[in-house]
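All remarks here apply to the structure that follows.
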Amino acid sequence: MRYGTFSEEELLGLAQKNGVTRLVLTDINNTSACLNFVRKASEYDVTPLLGIDFRNGVESCFIGIAKNNDGYLELNNFLSEHLHKERPLPIVAPKFKNVYVIYPFEQVLRNEIQTFADYEFIGISIADLRRLPFSRLLCLKDRLVVQQPVTFRNKGDFNAHRLLRAIDKNVLLSKLEKTEEGNEDEKMYPIENLAAAFSEYPFILENTDRLLKSCSIQFDFSQDRKPQNLQNYTDSREEDERMIERLCLEGLPYRYPDGGEGIMERLQKELGLIKEKGFVSYFLINWDIVSYARKQGFFYVGRGSGANSIVAYLLRITDVNPMELDLYFERFINLYRTNPPDFDIDFSHHDRPVMTQYIFDRFQHVALLGTYVTFKERGVIRELGKVFGLPKDEIDFLSEGRFDSGKLDEVARLVLKYGRLIMGMPNYLSIHAGGILISERPLHWFSATHLPPKGYPTTQFDMVIAEDVGLYKFDILGQRGLAKIKESLEIIAYNRIDNPDEIDIHDVKKFKKDSRINDLIKTAQCMGCFYVESPAMRMLLKKLEVDNYLGLVAASSIIRPGVAKSGMMREYILRHREKGRTEERAHPVMLDIMPDTYGVMVYQEDVIKVAHYFATVIREKPMF
């Protein structure tokens with residue numbers, strides 16, 4: 001970060017252009033690009049290999065190249081330990097088992113390294129060839145390999161690199177020391193040119209070829225890849241399946257004390273599909289998390305498409321009854337879904353840190369999910385304004401964007417010109433809003449981890465790459481409104497003399513029938529209520545005169561952009577208010593499918609219902 005100037009995919013394109021078919025990605029103290037490099041390499045006919053360029057600042061200590069995935073794990077373990085403890089890297093590499101170590105030619109001379117293990121080599125770049133004939137290292141013929149760093153493609157890359165280095169060091173560009181810059185000769189050469197440059201030393205080429213061919217890295221990015229999340233909650237898949245069945249049966253009396261038609265049939269259908277898709281452990285891990293929260297007296301909300309599942313409802317992951325609202329389980333899980341289902345679990349901002357710590361303590365291989373913060377337009381102008389020495393008021397003026405480019409001075413134009421060079425580049429690693437990974441393997445199998453101020457190991461890749469390799473996040477989110485509920489109950493308990501504990505906020509059925517609550521909703525007195533307190537929502541509640549739970553659910557759906565912009569929101573309001581309009585305007589089939597919403601598609605489930613109807617009609621009465 002703040003050093004390199006082009007992406008791993010652009011690197012692969014460069015390799016293809018220069019006839020390079022085997023390439024090692026060795027970012028500086030970082031593995032952010034490694035998985036995507038492996039994923040994309042086959043598209044460019046390149047065999048990808050992985051390593052790390054270990055440096056103290058910009059001073060290179062050594063390069064580690066993984067012989068295989070176990071070697072990549074070793075490298076990540078080593079780097080992560082130093083990143084977590086913020087310790088300087090050693091000049092001499094530790095004893096690796098599945099890693100080749102390459103010491104740069106200059107470092108070997110400077111540090112007077114005399115002996116080398118079987119897995120240790122000396123890297124020679126094209127620039128080093130001028131000095132090699134006069135060095136004692138020439139006699140170590142079996143230890144010499146080609147080490148040609150590829151940092152730049154052209155002069156533009158080098159200029160961008162200097163700007164990034166000045167930003168990183170927080171100095172004026174004119175004050176940036178040459179030692180903080182890379183060498184402008186660190187570029188890729190066509191493979192025949194590289195071979196010609198080393199033609200006097202064929203043994204170096206042979207050593208390099210032998211080393212590269214002995215390395216191999218494998219990650220599965222195919223459509224049929226296996227999920228890399230924790231495979232079993234208990235000791236085996238069979239025990240997991242028995243456990244989820246037992247927990248669901250134990251939850252039936254609490255959720256459905258009066259029974260109900262179709263409940264067991266729906267439960268068996270869901271369990272069968274969850275088992276078939278291998279998602280049992282995912283449900284049980286979420287159950288474990290919310291169970292601990294309840295034991296601590298924490299309030300939480302499980303939401304997302306998981307609310308369509310009766311299994312999630314029985315496990316108390318969610319509090320929405322899918323039978324009451326006719327929610328399709330297929331929207332949540334179906335035979336064609338390869339990635340695990342998605343639960344978003346909200347906790348109070350007070351309780352969320354406790355829950356995060358519990359997850360890290362409870363499971364073995366856990367990390368927060370990383371994300372990249374990139375250079376945006378205003379940020380670039382501010383950073384480059386400082387690098388070029390502009391005063392604050394001029395930087396503010398440029399950041400606002402309200403200027404005539406023809407009236408700008410030369411320095412201001414340079415800021416805008418060079419800003420385009422680094423726009424969109426990764427600036428630094430940050431943390432995903434709520435994603436936590438719980439893996440079957442050590443997470444260092446996939447990347448190194450760093451330790452942000454929150455104090456939890458965090459991956460050096462983002463959600464997109466995580467899903468591509470089969471790692472699916474658990475969303476543990478924060479919602480301030482949950483803290484307000486708890487505070488409100490404490491205030492009520494303090495002020496009430498009689499029966500202060502009689503309010504049970506989990507008794508949702510009682511709230512649905514409470515005329516006072518329904519009147520407050522009908523008159524849009526919802527300030528302080530999460531999701532229904534915005535001016536637009538309160539206006540909609542008044543128009544609809546919502547006085548029941550199902551009406552509130554519909555209102556919270558039609559206000560969303562898709563329904564609102566399509567005109568369906570307006571039509572729903574008119575049909576709700578004007579008697580007779582539904583029968584006059586609604587298509588009979590739509591009205592039959594969606595009587596509760598007057599034949600208007602309000603929910604995603606409604607779209608599925610319509611698609612299901614047409615699929616059934618076409619199957620029974622083929623059009624072709």
Side-chain angles (χ1 to χ4, degrees), residues 7-9 11-16 18-28 30-54 62-80 93-103 116-123 142-150 188 191 194-195 204-228 439-448 459-461 465-466 468-471:
S7 71
E8 65 277 11
E9 195 161 352
L11 174 65
L12 288 166
L14 188 66
Q16 187 179 51
N18 284 281
V20 176
T21 57
R22 199 170 277 262
L23 187 67
V24 190
L25 180 67
T26 57
D27 280 341
I28 299 170
N30 192 291
T31 57
S32 299
C34 287
L35 290 177
N36 198 45
F37 178 73
V38 174
R39 181 172 73 101
K40 289 286 186 178
S42 60
E43 298 176 18
Y44 296 87
D45 298 320
V46 170
T47 299
L49 302 176
L50 298 180
I52 298 172
D53 187 347
F54 292 98
F62 53 88
I63 291 170
I65 299 176
K67 297 180 183 179
N68 47 42
N69 286 65
D70 289 322
Y72 184 53
L73 173 63
E74 284 185 77
L75 289 173
N76 288 331
N77 284 337
F78 178 69
L79 175 61
S80 301
K95 291 183 178 180
F96 291 118
K97 294 181 180 178
N98 294 284
V99 171
Y100 290 119
V101 173
I102 316 297
Y103 293 102
F116 300 88
D118 291 341
Y119 57 86
E120 293 181 320
F121 294 85
I122 303 165
D142 61 337
R143 297 293 96 198
L144 302 182
V145 294
V146 177
Q147 183 209 331
Q148 180 58 36
V150 181
M188 186 177 288
I191 200 71
L194 197 65
I204 297 181
L205 295 173
E206 292 167 6
N207 294 342
T208 309
D209 186 59
R210 189 161 50 248
L211 185 153
L212 290 175
K213 286 182 177 178
S214 68
C215 298
S216 176
I217 289 287
Q218 301 293 328
F219 285 102
D220 187 2
F221 294 99
S222 68
Q223 289 292 324
D224 300 324
R225 65 186 178 277
K226 293 181 180 178
Q228 299 296 317
S439 172
E440 178 74 14
R441 300 176 185 267
L443 279 155
H444 290 163
W445 182 264
F446 306 98
S447 89
T459 64
Q460 294 187 331
F461 53 82
I465 299 301
D468 286 340
V469 81
L471 285 168

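What you see is a predicted model; the values in this text were computed from it and never measured. One-based numbering along the sequence shown.
- Checked against ring-ring contact (aromatic ring centres under 6.0 Å, His included), Y119 has no partners two or more places apart in sequence or in another chain.
- For the atom pair CZ (F461) and CG (D468), the distance works out to 10.5 Å, reported to the nearest 0.5 Å.
- Legend: residues meeting side chain to side chain donor-acceptor pair (under 3.5 Å) with N36, ordered by chain and number and at least two apart, are E8, R39.
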Begin with the C-alpha distance, continue with both residues' side-chain angles, and end with the deciding distance and a verdict on side chain to side chain donor-acceptor pair (under 3.5 Å) for S222 and D220. CA-CA 6 Å; S222 68; D220 187 2; 2.7 Å; yes
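- With sequence neighbours excluded, the residues satisfying side chain to side chain donor-acceptor pair (under 3.5 Å) with S80 are H444.
- K97 and E74 get closest at one heavy-atom pair: N-OE1, 2.8 Å.
- Remark: the Q460 side chain and the T31 side chain contain an N/O donor-acceptor pair separated by less than 3.5 Å.
- Annotation: side chain to side chain donor-acceptor pair (under 3.5 Å) contacts of N30 (sequence neighbours excluded): S32.
- Partners of D45 according to the salt bridge (Lys or Arg N to Asp or Glu O under 4.0 Å) rule, which considers only residues two or more places apart in sequence or in another chain, do not exist here.
- Summarising the geometry of V20 relative to L23, their closest heavy-atom pair is CG1-CD1, 4.1 Å, with the distance given to 0.1 Å.
- With sequence neighbours excluded, the residues forming a salt bridge (Lys or Arg N to Asp or Glu O under 4.0 Å) with D53 are R55, listed by chain and number.
- Contact of the T26 side chain with the Q147 side chain is not registered, since no non-hydrogen atoms from C-beta on lie closer than 4.5 Å.
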